[in-house]
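Here is the structure we will look at.
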Amino acid sequence: MARVIAIANQKGGVGKTTTSVNLSAALALSGCVVLLVDLDPQGNATMGSGVDKRNLDLSIYDWLMENEPLETVAVEGSGGFKVMPGNTDLTAAEVELLNEDKRTERLSQKLSAAQNIFDYVIIDCPPSLSILTINALIASDGVLIPMQCEYYALEGLTALLETVERVREEANKDLMIEGLLRTMYDPRNSLTRDVSRQLMDYFGEAVFRTVIPRNVRLAEAPSHGLPATHYDKRSRGAVAYMALAAELRRRHMSILYKEKES
Ligand code: ATP
Ligand code: MG
């Protein structure tokens, strides 16, 4: 069974797409079969995986709304994983979904066909708590929340956690917080250290031990259509995402183990 993980935070520019692309690549390098679903009309995860969003035969719109099968729409990315590519057509899907029954369960239904093919499905969410993000939360086993350790980061978190709670109550009772991920981390900044400490105090084990440093290679890699793990595998950013993949897999193993025990 695939583990489906939504990468979500309605705050913009916190590292969702960078995490989606590099975590997908790092999991693939560790031997997992991975699908990255680009659920953001900006199409940044598509481009960052080496797939030109302006030049697609079929896109996630055709999969979600037009019954095209996953195998015909998903393409091979540059990082050793499959990409369900997205672009501005997704905005039309968003509007069309609003008029449908089961509008929040579409992605979940579609992904059932992927359960036996992939080890991990990573969903890059848009920077909003829109119907697309709700679709992702309902389709997922866990939500991974990237955040920058800055003052306003914690405020935004409340709305996201409330949404997660509502999804749990109404549609997906097993949705877990996969973890909070500190991104663009700069240990020389005292505010970063303070906010980081608050996060650890409040959320404890839910905070990934791995931190993603601020690293220019992570910012450069997308313009080459590559994950940083392939653009410069020795960079601090690439190494951090490899560590995150290992930490995530360890956590996943321990969840499976506990389920077996009980
Ligand atoms: P949006 O909300 O618009 O979808 P996002 O949350 O997906 O944004 P990214 O696109 O991943 O965020 O990152 C925002 C910007 O910061 C990008 O230019 C990216 O290259 C850069 N960036 C992300 N993580 C890092 C990092 N660890 N070090 C340096 N630059 C980074
Ligand atoms: Mg993004």
Side-chain angles (χ1 to χ4, degrees), residues 5-26 36-51 53 59-60 77-79 83-88 90-91 94 122-133 135-137 143-150 152-157 159-160 163 178-189 192 195-196 207-245 247:
I5 301 173
I7 313 290
N9 188 336
Q10 78 280 19
K11 195 163 164 25
V14 294
K16 292 180 288 295
T17 301
T18 305
T19 298
S20 299
V21 171
N22 286 286
L23 177 61
S24 295
L36 169 58
V37 176
D38 190 351
L39 200 63
D40 184 351
Q42 294 182 96
N44 293 343
T46 300
M47 297 295 277
S49 305
V51 179
K53 66 177 178 184
S59 77
I60 188 170
S78 57
V83 184
M84 175 53 72
N87 57 25
T88 45
L90 249 179
T91 312
E94 198 171 350
I122 305 293
I123 308 172
D124 186 27
C125 293
S128 65
L129 293 173
S130 66
I131 192 162
L132 293 174
T133 300
N135 262 273
L137 295 177
V143 50
L144 187 159
I145 307 171
M147 51 188 305
Q148 267 180 281
C149 289
E150 56 183 29
Y152 292 112
L154 294 168
E155 266 178 37
L157 207 54
L160 177 57
T163 306
E178 194 77 33
L180 278 77
L181 176 66
R182 292 164 286 171
T183 60
M184 299 182 228
Y185 194 84
D186 177 4
R188 290 165 305 183
N189 182 326
T192 299
V195 174
S196 180
V207 182
F208 283 107
R209 295 208 171 158
T210 309
V211 296
I212 308 299
R214 187 173 283 285
N215 176 242
V216 69
R217 290 292 197 242
L218 286 171
E220 284 168 3
S223 64
H224 299 268
L226 289 169
T229 45
H230 291 61
Y231 173 61
D232 181 356
K233 67 174 193 226
R234 283 185 235 284
S235 61
R236 284 167 60 237
V239 170
Y241 277 108
M242 288 302 294
L244 177 67
E247 185 177 1

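Order of appearance sets the numbers: ligands from 1, and atoms from 1 within every ligand. The model shown is predicted, which means the values in this text are computed figures rather than measured ones.
Of all the heavy atoms of P213, the ones lying under 4.0 Å from any atom of ligand 1 belong exclusively to the backbone. With a heavy-atom cut-off of 4.0 Å, V216 does not touch ligand 1 at all.
Less than 4.0 angstrom separates some heavy atom of V14 from each of these atoms of ligand 1: 5 (P), 6 (O), 12 (O). If you number the atoms of ligand 1 from 1 as listed, the ones under 4.0 Å from a heavy atom of A219 come out as 20 (O), 30 (N). In the vicinity of D40, heavy-atom distances shorter than 4.0 Å reach the ligand 1 atoms 4 (O). Residue-ligand proximity, G12 to ligand 1, at heavy-atom distances under 4.0 Å covers atoms 2 (O). Counting atoms of ligand 1 from 1 in the listed order, those under 4.0 Å from a heavy atom of L218 are 26 (C), 27 (N). Residue contact check: I212 has heavy atoms under 4.0 Å from atoms 27 (N) of ligand 1.
Relative to atom 16 (O) of ligand 1, the option among E220, M184, Q10 with the closest non-hydrogen atom is M184.
Closest protein heavy atom to atom 4 (O) of ligand 1: Q42 NE2, 3.3 Å. T18 OG1, 3.6 Å is the protein heavy atom nearest to atom 9 (P) of ligand 1.
Scanning both residues, P127 and G12, for their nearest heavy atoms gives CB-CA, 3.8 Å.
Tested against T46 for a side chain to side chain donor-acceptor pair (under 3.5 Å), the candidates D38, T17, D124 yield a single pass: D38.
Not close to ligand 1: G237, with no non-hydrogen atom less than 4.0 angstrom away.
Here T17 reaches the Mg ion (ligand 2): one of its N/O/S atoms is less than 2.8 Å from the metal.
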